[in-house]
There are 2 protein chains.
Amino acid sequence: MRHSPTLKKIAERLSVSISTVSRALKNHPDISPETGRKVKELAELLEYDPNPYAVNLRTHSSKEFAVVVPSLSNFFYHSFISSIEEEARNYGYSVIIYRSSNDPKIEQEILKSCRHKRVSGIFIAITSETNDIESFLKMDVHGIPVIFFDKVPQYESCNKICVGDEHAAFLAAKEIIKKDIPNVLGIFGDRNMSITKARLEKFKAVLQQDGQSINLKTVHARSSAEAEQITLSLLPEWIGKKFAVFCMSDEILAGSMKAIQRKGLSAPVDLGVIAISDGMIPLLFYPEITYAETSGSKLGTLAFKRMMRCIAGSSFAQTIIDESKLVAGGSI
Amino acid sequence: MRHSPTLKKIAERLSVSISTVSRALKNHPDISPETGRKVKELAELLEYDPNPYAVNLRTHSSKEFAVVVPSLSNFFYHSFISSIEEEARNYGYSVIIYRSSNDPKIEQEILKSCRHKRVSGIFIAITSETNDIESFLKMDVHGIPVIFFDKVPQYESCNKICVGDEHAAFLAAKEIIKKDIPNVLGIFGDRNMSITKARLEKFKAVLQQDGQSINLKTVHARSSAEAEQITLSLLPEWIGKKFAVFCMSDEILAGSMKAIQRKGLSAPVDLGVIAISDGMIPLLFYPEITYAETSGSKLGTLAFKRMMRCIAGSSFAQTIIDESKLVAGGSI
DNA sequence: AATGTTTCCGCAAACGTTTGCGGACAGAAG
DNA sequence: CTTCTGTCCGCAAACGTTTGCGGAAACATT
């Protein structure tokens with residue numbers, strides 16, 4: 001159980017005071033170049049690194065961000081986290097990742113832990129059952145900025161970074177119109193989710209406005225399995241017609257694709273397939289599925305910029321919405 | 001920027017000393033029941049929580065574990081982390097997740113950060129390019145136990161928890177023999193990875209021993225895309241024969257399935273498909289792919305148990321290998 | 001009454017940093 | 001020779017805990 005080098009040890013070996021060492025290490029103007037050099041050399045040699053606990057105790061600032069997500073098995077969050085990490089590294093911050101398991105109670109515990117640790121900031125995708133927005137707002141009182149992303153609360157006066165649900169739905173609908181497909185089966189998620197509403201409404205609106213003659217049927221599924229069942233039961237009535245299936249999310253897409261394979265159909269000849277996706281699942285099939293991308297990494301850089309603003313003192317809340325882009329596979 | 005309650009504040013309001021409060025809060029026998037009650041009541045009221053930085057500075061112990069993985073977009077790691085978290089919670093530990101991005105340099109930085117934070121223990125799946133095992137062993141000097149899992153170093157004298165590569169390969173091979181399939185295309189990963197060697201050798205051995213008449217061809221792919229290419233180029237010569245494709249991992253499976261779909265083939269009629277997998281990808285297809293499961297959650301509980309032993313003082317290194325189980329889809 | 005034993009509590013040091021303040025010394029200006 | 005302005009550095013307090021030690025009071029024993 002060896003001991004890490006401390007300011008004290010360096011000071012003793014150099015016969016200077018602790019404060020001198022401390023200052024030398026951060027290039028304080030009070031320190032002569034000569035002393036500065038010597039200190040930094042020894043520190044390098046000894047592999048000195050400040051004890052973060054002591055620093056925090058003293059300064060009340062931990063150079064670390066927390067990212068809180070409901071689940072890790074999600075390509076979108078993964079790419080979001082990646083970009084946050086990369087940016088953070090450049091600014092000398094580290095990031096720790098928390099997983100709420102979509103449980104508001106665990107989410108609260110994590111929040112408490114963040115408070116005690118005095119993290120410099122929190123990026124959070126809230127639980128689908130989170131309704132106590134109160135505790136998040138309280139973080140501000142403690143001087144900890146909170147940036148919501150992806151799954152954000154309804155409450156207006158907070159910082160939110162969201163994917164452009166409307167825009168993604170718009171792109172998908174436009175693509176369908178462009179391909180001149182007369183019949184569309186739209187499979188959406190849980191009716192209660194705001195994300196579902198946004199995507200559904202826009203999708204419907206575009207199709208009705210720009211493609212008047214298009215026949216659209218929409219259904220809702222709350223899970224991958226349910227999406228599979230629904231698709232399976234609906235598919236027979238469409239076979240033979242020229243039609244496309246639109247899947248609102250990766251989860252839905254996974255289920256629907258299973259049904260489509262099961263029926264022995266294959267895109268783009270028997271039907272068209274198009275989705276809104278984070279970009280992982282569509283690549284697993286041949287042809288790859290055409291999708292409107294909700295980019296986690298782009299959202300990440302946007303969120304990070306906003307965070308840095310908050311830390312710099314900008315207190316006014318803002319909602320940023322990221323645009324989507326269409327990635328053409330060969331499925332439609 | 002409000003202030004958290006401290007021992008001092010409680011002490012002042014109760015006109016006792018700080019030490020009395022500290023001891024009362026942890027039921028020290030020196031404290032009278034009367035005083036203890038009062039202190040605990042006020043602490044509850046004020047929502048007191050010890051400042052973890054001060055505690056650590058004093059005691060040199062943080063009740064938190066670190067889990068380090070190359071990537072988060074991996075169902076196996078995901079389930080591993082879940083089970084570690086669940087166990088940890090029961091013991092009053094929290095866990096922080098680090099992501100090395102499969103970069104040994106970042107891995108080193110993470111390790112350093114863990115050292116400074118004096119985490120109570122580290123669970124790590126090393127980078128595929130990690131060869132400097134030295135720094136991991138040094139953690140022991142600092143009193144931080146390290147448990148390797150999944151991707152483990154060759155070095156013997158350390159704690160390793162691995163999936164049963166041999167056993168999984170064995171199960172897959174046995175299944176092929178049982179189904180009486182005469183021709184097998186085995187697609188494996190990078191030749192240099194120990195995991196590849198273990199799976200390849202066992203797979204080959206079982207097939208040769210128990211299924212003498214089986215014709216086995218093995219190839220190697222270093223990525224999903226490469227697996228797709230190889231499969232694509234090889235498939236024509238097998239069509240018509242009764243054969244099966246064995247994929248060593250999820251990554252390979254993803255690539256191969258794309259090629260198979262591209263050729264318009266479908267399991268189990270045109271060919272058989274079987275894999276070693278963490279259980280996510282196989283469920284995306286219809287029929288679901290039959291696979292030998294490498295269970296992250298089981299590995300997690302095993303790793304955690306080992307960790308608790310280490311913390312309790314057991315210093316002797318041990319390698320634990322988890323057995324696999326066959327999950328039948330309908331692909332073979 | 002003197003001594004021993006409990007019970008309960010406070011003092012103070014320590015963990016490793018940061019930082020305001022003041023002091024020693026040098027050279028410059030008068 | 002005094003005074004002044006820098007330059008460079010050290011003292012000491014503070015952050016919030018934990019814990020060994022010692023001490024006061026109360027009570028029990030000779």
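Below, chains carry the letters A, B, ... as their sequence lines are ordered, and counting in each starts from 1. Keep in mind it's a predicted model, so treat the numbers as computed, not measured. Excluded from the calculations below are hydrogen atoms, water molecules and symmetry mates; all remaining heavy atoms, backbone and side chain alike, are included.
- Within residues 11-20 of chain B, the residues approached by DNA chain D to less than 4.0 Å at the level of any non-hydrogen atom are B/I18, B/S19, in residue-number order.
- Contact check for B/S62 versus B/K117: no side-chain heavy atoms found under the 4.5 Å cut-off.
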Report task. Going 5' to 3' through nucleotides 22-28 of chain C, assign each nucleotide B (protein heavy atom under 4.0 Å from a base atom), S (under 4.0 Å only from sugar-phosphate atoms) or - (no protein heavy atom that close). Result -> -------
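- Considering only heavy atoms from C-beta on, A/R13 comes within 4.5 Å of A/L46 through its side chain.
- At a threshold of 4.5 Å between non-hydrogen side-chain atoms, the residues A/F123 and A/M307 count as touching.
- A/S22 comes within 4.0 angstrom of a base, heavy atoms only.
- Residue A/N56 contributes atom CG, which lies 14 Å from atom C1' of D/dA14 at whole-angstrom precision.
- Judged by distance alone with a 3.5 Å cut-off, a donor-acceptor contact links the side chain of B/R23 to the base of D/dG20.
- Contact between the side-chain N/O atoms of A/Y53 and the OP1/OP2 oxygens of C/dA14 is not found at any separation under 4.0 Å.
- One atom, NZ of A/K8, and another, P of C/dA13, lie 13 Å apart when rounded to the nearest Å.
- Going from atom CG of A/L25 over to atom P of C/dT17 covers 9 Å, rounded to whole Å.
- Residues satisfying the side chain to side chain contact (heavy atoms under 4.5 Å, CB included) test with B/I97, not counting sequence neighbours, are A/L72, A/I97, B/L72, B/I81, B/E85, B/V95.
- A stem is defined here as three or more consecutive Watson-Crick or G-U pairs, each with both distances under 3.5 Å; for DNA chain D these stems are C:1-30 with D:1-30.
- Computed from coordinates, the A/I10 CD1 to D/dG10 P distance equals 14 Å when rounded to whole Å.
- When each of B/A54 and B/V21 is assigned the nucleotide of DNA chain C bearing its nearest heavy atom, the one mapping closer to the 5' terminus is B/V21.
- In this structure, the nucleotide among C/dC15, D/dC8, D/dG16 sitting nearest to the side chain of B/H60 is C/dC15.
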Report task. Check the pair B/Y155, B/F136 against ring pair (Phe, Tyr, Trp, His ring centres under 6.0 Å), reporting the backbone distance first and the verdict last. Result -> CA-CA 11 Å; B/Y155 184 73; B/F136 295 98; over 10 Å; no
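- In this structure a side-chain-to-backbone donor-acceptor pair under 3.5 Å is missing from B/H142 to B/I144.
- If you take NZ of A/K38 and C1' of D/dC8, they are 13 Å apart, rounded to a whole angstrom.
- Atom CD of B/E34 and atom C1' of C/dT7 are 15 Å apart (whole Å).
- The OG atom of A/S297 sits 10.5 Å away from atom CG of A/D278, with the distance rounded to the nearest 0.5 Å.
- Residue whose closest nucleotide on DNA chain D sits further toward the 5' end, between B/N51 and A/S32: A/S32.
- Atom pair B/L7:CG and C/dG10:P shows a separation of 13 Å (rounding to whole Å applied).
- A cation-pi contact links B/K63 to B/Y93, judged by a cut-off of 6.0 Å to the six-membered ring centre and 45° from its axis.
- Partners of B/T35 according to the side chain to side chain contact (heavy atoms under 4.5 Å, CB included) rule, which considers only residues two or more places apart in sequence or in another chain, are B/T20, B/I31, B/S32, B/V39.
- For A/P33, counting side-chain heavy atoms from C-beta on, the closest listed nucleotide (D/dC8, C/dG16, D/dT17) is D/dC8.
- For C/dC9, the OP1/OP2 oxygens have a side-chain nitrogen or oxygen of B/T35 closer than 4.0 Å.
- Between A/I122 and A/I147, every side-chain heavy-atom pair lies at or beyond the 4.5 Å cut-off.
- Taking the six-membered ring for Trp and thresholds of 30 and 60 degrees, B/F149 and B/F80 have nearly parallel ring planes, at less than 30 degrees apart.
- When rounded to the nearest whole Å, the span between CZ of B/R37 and P of C/dC8 equals 15 Å.
- For A/E86, there are no salt bridge (Lys or Arg N to Asp or Glu O under 4.0 Å) partners, not counting sequence neighbours.
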